[in-house]
Amino acid sequence: MRHARICRKTAETQIEVELNLDGSGVAKLDSGVPFLDHMLDQIARHGLLDLTVTAKGDLHIDGHHTVEDIGITIGEALFQAVGDKRGIRRYGHAYVPLDEALSRVVIDFSGRPGLEFHVPFTRAMIGAFDVDLAHEFFQGLANHARVTLHIDNLRGENAHHQCETVFKAFGRALRMAAERDARALEDIPSTKGAL
Ligand SMILES: [Mn+2]
């Protein structure tokens, strides 16, 4: 089992993440931000990873530090869980629709952090959730997982749908990229021999 447990504590947040890449989609989520819990549930379910997130953040200010730091901590856990990347597919992609909304996510366990985030949200808020935080979450995750991540919402009217398709597609793409490729055996999927 490719597993990691990370505790991260700053003056702004206290976060604990447990992640099993070879899980079955079991999520235990208590981030303090209900909409984020709903989105993290999508990553776990559609990524078939087991994910536990417990966070105590400075929500009296707003959700910014908490959501960003959860992205960072999940990124660190992914980096640790995927290990030396022997035998993984490395690249993953997915298109996910939800009614009128359609998003595409492409991921590369490149070892180089990078995010292209192109999501023209139709609203500034989804309930109490500031849509800017979706970008912050994936920036923190990409930086600390050291992955290249291209996220595009191709169309959508309903901002909840736009956001949900992004998180579902991320889960699916992550699953594909992190999956062991039976034909690759113990190879590191790079001609450089390192990722
Ligand atoms: Mn929903």
Side-chain angles (χ1 to χ4, degrees), residues 13 15-21 23-59 61-75 77-78 92-107 115-142 144-145 147 149-179:
T13 64
I15 292 162
E16 197 176 321
V17 167
E18 202 170 343
L19 183 152
N20 177 8
L21 277 178
S24 57
V26 179
K28 289 188 201 119
L29 306 165
D30 184 14
S31 73
V33 181
F35 185 75
L36 183 67
D37 287 347
H38 182 40
M39 293 299 105
L40 297 176
D41 203 14
Q42 308 305 325
I43 296 179
R45 185 67 55 92
H46 297 285
L48 282 187
L49 47 94
D50 294 341
L51 180 65
T52 301
V53 176
T54 314
K56 283 194 180 70
D58 54 3
L59 294 174
I61 298 177
D62 68 6
H64 190 104
H65 301 138
T66 302
V67 174
E68 181 181 15
D69 290 358
I70 289 172
I72 288 171
T73 313
I74 291 176
L78 276 174
H93 62 268
Y95 286 83
V96 168
L98 199 178
D99 298 340
E100 89 298 340
L102 175 67
S103 293
R104 177 186 63 217
V105 174
V106 183
I107 186 170
L115 174 67
E116 288 290 331
F117 190 86
H118 302 279
V119 183
F121 281 112
T122 55
R123 279 185 281 146
M125 302 291 288
I126 302 169
F129 186 83
D130 180 342
V131 296
D132 284 348
L133 298 181
H135 190 166
E136 295 305 311
F137 172 84
F138 284 108
Q139 188 69 65
L141 187 150
H144 290 263
V147 295
L149 195 53
H150 288 254
I151 295 176
D152 290 87
N153 171 247
L154 304 174
R155 63 178 70 96
E157 294 294 327
N158 179 304
H160 186 124
H161 290 175
Q162 288 177 293
C163 198
E164 191 163 325
T165 53
V166 164
F167 277 82
K168 284 176 167 170
F170 173 73
R172 278 283 162 152
L174 174 63
R175 175 179 163 190
M176 182 191 283
E179 219 162 44

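Note that the coordinates shown come from a computational prediction; the quantities given were computed from them, not determined experimentally. Every number for a ligand or one of its atoms is a count from 1 in the order of the listing.
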*By atom name, which N, O or S atom of His38 is the nearest to the Mn ion (ligand 1)?*
NE2
*Can you tell me if CD on Glu157 sees more than 12 non-hydrogen neighbours from other groups inside 6.0 Å?*
no
*Which angle, to 10 degrees, forms at the Mn ion (ligand 1) with NE2 of His160 on one side and OE1 of Glu164 on the other?*
90°
_OH/Tyr95: more than 12 non-hydrogen atoms of other groups inside 6.0 Å_ = no
Identify each donor-acceptor pair in which a side-chain atom of residues 28-38 lies under 3.5 Å from a protein atom, sequence neighbours left out, and give them as a table.
unit_1	atom_1	unit_2	atom_2	d
Ser31	OG	Val33	N	3.0
Ser31	OG	Val33	O	3.1
Ser31	OG	Asp37	OD1	2.7
Asp37	OD1	Ser31	N	3.1
His38	NE2	His160	NE2	3.4
His38	NE2	Glu164	OE1	3.2

_Under 2.8 Å: N/O/S of His161 next to the Mn ion (ligand 1)_ = no
*Report yes if the side chains of His135 and Leu115 come closer than 4.5 Å at any heavy-atom pair, otherwise no.*
yes
